[in-house]
Structure formats: C-alpha cells, structure tokens
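Basis for what follows: all heavy atoms, side chains included, without hydrogens, waters or symmetry-related copies. Lettering of chains follows the sequences in order, A, B, ..., and the numbering in each one begins at 1.
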2 protein chains.
Amino acid sequence: MSPKKPNGISTTPCQQCPLRDLPHFRDFSSSELDFVSRFKTGELAVESGSVILMEGSHSAHLYTVLAGWAFRYKTLEDGRRQILNYVMPGDLVGLQGTVMGEMQHSVEALSPVTLCVFERSRLNNLFTDHPTLAYDLTWIAASEERMLDSHLLSIGRRTALERAAYLIAFLYSRAKAVALLQGEATIPVTQQHVADTLGLSIVHTNKTLRKLVDRGLIRWTDKGCLVLDDAGLAQVAGWESDGKRQRPFI
Amino acid sequence: MSPKKPNGISTTPCQQCPLRDLPHFRDFSSSELDFVSRFKTGELAVESGSVILMEGSHSAHLYTVLAGWAFRYKTLEDGRRQILNYVMPGDLVGLQGTVMGEMQHSVEALSPVTLCVFERSRLNNLFTDHPTLAYDLTWIAASEERMLDSHLLSIGRRTALERAAYLIAFLYSRAKAVALLQGEATIPVTQQHVADTLGLSIVHTNKTLRKLVDRGLIRWTDKGCLVLDDAGLAQVAGWESDGKRQRPFI
DNA sequence: CGAAAAGTTGACTCTCATCAAGATGCGTGG
DNA sequence: CCACGCATCTTGATGAGAGTCAACTTTTCG
C-alpha cells in the first residue's frame, strides 16, 4: 500500500519506485536515493487529455513521469500543431521551464498519467551536492536531443510510409523498455496524433497507416495502435536499433 | 598576440577569449575561468568543408566553437541527408559522444573553424567541482533542445516559403548575437545546405528562395545569403523572437 | 583551358492536402 | 431505451505543391 501524505494524495516512496526494478534504469546509491526522495515533494495525477504544461507558462514545476503516456507539442498561431516527442515513465518533464525560465512547448496526457513533483528551488542542491545526478540530468538532456535528431531526419527525409513505420517502431521500442506494453496493450494514439507527429494531413496519414495494416505490420483498434510485426516495421522504416544501454533517471 | 604551445599551435588563453566580451554570454567568476582554462587542452583549426565529427565515432573529444560556422547532420544509408542544426561560436560540439558513448550525428565545417579542445576525462571534475558550470551544461543542452523543437515545428508544419524565411531569420538572429555577421558578411551556405535543412529538393529550394529574393528580403551571392530585411523575413516566417537573455558557455 | 560545383529554368509526374460524404462507436440526456 | 451529438476512422475526387529529369549558365580552381 502507498502511504498517504497529509494532503490525502497517496505517493510512492522513491525507495519502492517500481521503475527502479526495470533493467532499463541504472541503480542508485543509497545517498542518491535519499536525496531524490527528499527532492520529491509529491505526486500529481492527471487524466487522459489534460494539459500538464502549457507553452509560455513560467511557474513550471519539474516532473518525472511515474506512469502513463504523454506528448510534447508546439502550435502555430493558426492552430497547426506539431508533436515533438512522446513522454513515457522515467522521462523528465519541465526541465526547460526550470532552467530557461519559460516553457516553449506544451505537454498533454495521452492516458491517465502519474507524475513525481520536484521542488524547483532544490535543483541547485542537486548540482552542488550530487554531481552524479547532475551528470544524469545532462545525460537525459542529451538523450532527448538524440531523439529529436532522429525525428528531424525522419520528417525531413523519409517518405510518408517510412515515417509512419519509423514512428511506430520508435514508440514500440521505447514503451517496451519501460514495460508499458504488457499483453495486448496498444499505443494510445489517434491517427490525428500520428498525423501531427509526422507532419502529414489526417487523410493522408490514414491512407498511409492502411498500407501498414494491409501488410500485416500493425492493427488499428479503437484504443490505438497494436504492433504485430516490429521487425517488419523496422525494415520498412530503415531503423537502426541503438542497443540496450542502461539509462539514468531521477 | 596568441602565445605558442610547444606543439606550435597558437592558442587563445580563456582569460582573453574574445567571446567573453560579447554581451550575449554571461560573465564567469575567476574560479570558473581558472577551471575552464585548465580544462582546455588545445585548439583545433579545420578548413571549410572538413568533417569535424563523424556519426558512429567513439573517441569524440569535447569542443567549443571559438570561431566559424559548422552544421550537424545525419544521413540515411541511401545518401539522403538532413541538416539538424547549425553550430556557431560558443556552441558545444561532441557532448553526445562524451556522455552517451557514440556520436549519432556528424559535424562539418561551413567556413574555417577554430575549436577549443577539452579533455574528456576531466569532465567529471567539472561536475564535482563546479556545479555552476554543470548547470550551464544542462542549460546549453536544454537550449539545443529548444532549437530542435522549433525546427521540427518548422519542417513539420510550415509551408516551404515560411520554412525558408524562418531558417534564414533564425541563422541571422543567432549569428548577429555572436557578432558573426559584421559588415556585408553573408550566411555561408549553399542552396544544397538550405534544401537539406528544410527537407526539400534543391530545385524547389531554388524556386522558393527566388521568391524571397524577388520580395527584396534577401540577396543570394556566390558566398551565401545576405539578409536585406530581417523584419520582413520574420513576418513571412511567423517568427517570434525569444528575447535577449544572456546565455552561458564553456 | 577544361572540369567541377553552384545556381537557374522549364516540363512532366507523383505525392500529399483539401474538400466532401459517410460509417462507426460512444456518452449523455430525454 | 432511444436519439442525438461528437470523435474517430474511412474513402473518393480534385488540385496544389514538391520531386525528378534535363539542359544550360556562371563561377571557381587547378
């Protein structure tokens, strides 16, 4: 059972964080764990579809995703939307607002999401007292940059079919690493999300996804996308797997 | 005069780094300056067109650009190339290889480039002994991420004309901040570079740039692109300036 | 002087956006 | 329980935007 805080919100103690059991994440020293558990001031639970962070907002907290799916996006004045990346358990959210003052993108939940809330003011302590965690922060930022590089390559230079296959293979691979796709679980996106990620119209996205369905690589259900043949997707996408190194998280 | 090291390469002492005079960069404490100047082990001068870092390489050094233009890019097996971002004085190069083991992109010089070379093994000292510099590293990584977010929005959702205007306005704005565009200096890119940045073919890029030329916003010379009307470009691009906060650099 | 690199332009083709119409499933309120 | 609206997915028709091919000019450089 999760203990209750005075405010009535149940929280998971970092010592019992379920993510730590995953081989995907590196182990913490007890002093690191101790610091993080004091760094964490609470949990935030949001439902599917709610906006976690808003472009232009200042008072951004710093979060780590404990459970659920979300995505980062930007919009132009006339409403055109571009999804930048997807957020999964272990990912940091709001770092930009914390270190650069203002969020330049929004974050929205794709499923019910639980977030660990960190005290922004204590971020300095992290840098002064825990250089290994500070290094992890840099690692995480570099990793996010690597993903964005891949997406840029995809949108800029891949065909629509390659792009779609790449995106789904990417989401599948990441989700599996954090045990988000147990059993018959689907990737919880609509075709509108896919379109806004790939830079295509919904209509064309629909026709492109249909080709992947017809080839038996995926199935589209009312709850999202089910991957049937990840190797086949990877082949269409021209995907190069990037090994299974352990990653840090905070 | 620059002093000569035993190996005969002339180097700029960090204490006299010309970049520090620019209002764009934050001031260092003397202890920070002291550390950085010991962190720096030399300088590397490369000529226009040479590859500074190669995708897949391991033994990446860590560099800061002291002078010149470069760009980061990725390629697919069949040769399709996507330029991810441009690198200017003050920018860090090779962080990815340093913290994540292997470069996932290449870097190529657009002009003669001078780089400060840092000792990778001493990066740990930076984190343990200079938390303010570690914070700067995170800041720089977050800033790079912010630029990539903008480029994704651009490539994914802007029209060809908007994209081209946005790119040039972006380069112009960044270059001015580091005093790279004194006098009649041009942005040293070919239309091939622009095409590979925008995700368009050269032919279509040529026709798109021509429209910007016809509107009197830019001029194309044999040395690159000359900006005539940055406000006009910004308007076509739907550009929102992001203020003039000072940035750190190492 | 010849070759290579960069820019230019027109013709043709194909990808993709837009418009339009319908189908399906779901939640809410009567 | 049904009717209605809403969100999502689907499909076809049409046209605009972007890629490809090809020929030519200009400049650079050995």
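In terms of the side-chain hydrogen bond (donor to acceptor under 3.5 Å, both in side chains) criterion, T64(B) has no residue partners (sequence neighbours excluded). Residues forming a side-chain hydrogen bond (donor to acceptor under 3.5 Å, both in side chains) with E144(A) (at least two apart in sequence, or on another chain): R72(A), N85(A). Looking at residues two or more places apart in sequence or on another chain, you find no salt bridge (Lys or Arg N to Asp or Glu O under 4.0 Å) involving R163(B). Looking at residues two or more places apart in sequence or on another chain, you find no side-chain hydrogen bond (donor to acceptor under 3.5 Å, both in side chains) involving D21(B).
Taken residue by residue, residues 197-213 of chain A places heavy atoms nearer than 4.0 Å to DNA chain C at G199(A), L200(A), S201(A), V203(A), H204(A).
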Sort me out a list of protein N/O and nucleotides 26-30 of chain D N/O pairs below 3.5 Å, or just none if empty.
| from | atom 1 | to | atom 2 | distance (Å) |
| --- | --- | --- | --- | --- |
| dT28(D) | OP1 | D222(B) | OD2 | 3.2 |

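Looking only at distances, no side-chain donor or acceptor of R247(B) sits under 3.5 Å from a matching main-chain atom of S143(B). The backbone N or O of Q104(A) sits less than 3.5 Å from a side-chain atom of Q96(A), completing a donor-acceptor pair.
Taking the C1' atoms of five terminal pairs at each end of the helix from dC1(C)-dG30(D) to dG30(C)-dC1(D), the two resulting helix axes are inclined by 40°, rounded to 10°.
For the pair Y166(B) and I155(B), the minimum side-chain heavy-atom distance is 4.5 Å or more.
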Q.
Before you tell me yes or no, could you show the steps for F249(A) and C17(A) under side chain to side chain contact (heavy atoms under 4.5 Å, CB included), namely the whole-Å CA-CA distance, both residues' side-chain angles and the distance that decides it to 0.1 Å?
A. CA-CA 12 Å; F249(A) 87 113; C17(A) 178; 4.1 Å; yes
Please tabulate, for the side chains in residues 188-206 of chain B, all donor-acceptor contacts under 3.5 angstrom to protein atoms that are two or more places apart in sequence or on a different chain.
| from | atom 1 | to | atom 2 | distance (Å) |
| --- | --- | --- | --- | --- |
| T190(B) | OG1 | Q192(B) | N | 3.3 |
| T190(B) | OG1 | H193(B) | N | 3.3 |
| T190(B) | OG1 | H193(B) | ND1 | 3.1 |
| Q191(B) | OE1 | N206(B) | ND2 | 2.9 |
| Q192(B) | NE2 | D196(B) | OD1 | 3.2 |
| Q192(B) | NE2 | D196(B) | OD2 | 3.4 |
| H193(B) | ND1 | T190(B) | N | 3.0 |
| D196(B) | OD1 | R157(A) | NH2 | 2.8 |
| D196(B) | OD2 | R81(B) | NE | 2.7 |
| D196(B) | OD2 | R81(B) | NH2 | 3.0 |
| T197(B) | OG1 | Y86(B) | OH | 2.6 |
| T197(B) | OG1 | H193(B) | O | 2.7 |
| S201(B) | OG | H204(B) | N | 3.2 |
| T205(B) | OG1 | S201(B) | O | 2.7 |

All N/O donor-acceptor pairs, side-chain side in residues 224-233 of chain A, below 3.5 Å, sequence neighbours left out:
| from | atom 1 | to | atom 2 | distance (Å) |
| --- | --- | --- | --- | --- |
| D229(A) | OD1 | A231(A) | N | 3.3 |
| D229(A) | OD1 | G232(A) | N | 2.8 |

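Judged by distance alone, the side chains of E102(A) and H58(A) do bring a donor and an acceptor atom under 3.5 Å apart.
Within the structure, side-chain hydrogen bond (donor to acceptor under 3.5 Å, both in side chains) contacts touching residues 208-228 of chain B (residues at least two apart or in different chains) do not occur. Applying the side-chain hydrogen bond (donor to acceptor under 3.5 Å, both in side chains) test to residues at least two apart or on different chains, none of the pairs has a partner in residues 106-118 of chain B.
Between Q191(B) atom CD and dG19(D) atom P there is a gap of 14 Å when expressed in whole angstrom units. Separating the CD atom of E162(B) from the C1' atom of dA18(D) is a distance of 15 Å, rounded to the nearest angstrom.
From the 5' end on, the contacts that DNA chain C makes with chain A at under 4.0 Å to a non-hydrogen atom open and close at dC16(C) to dC26(C).
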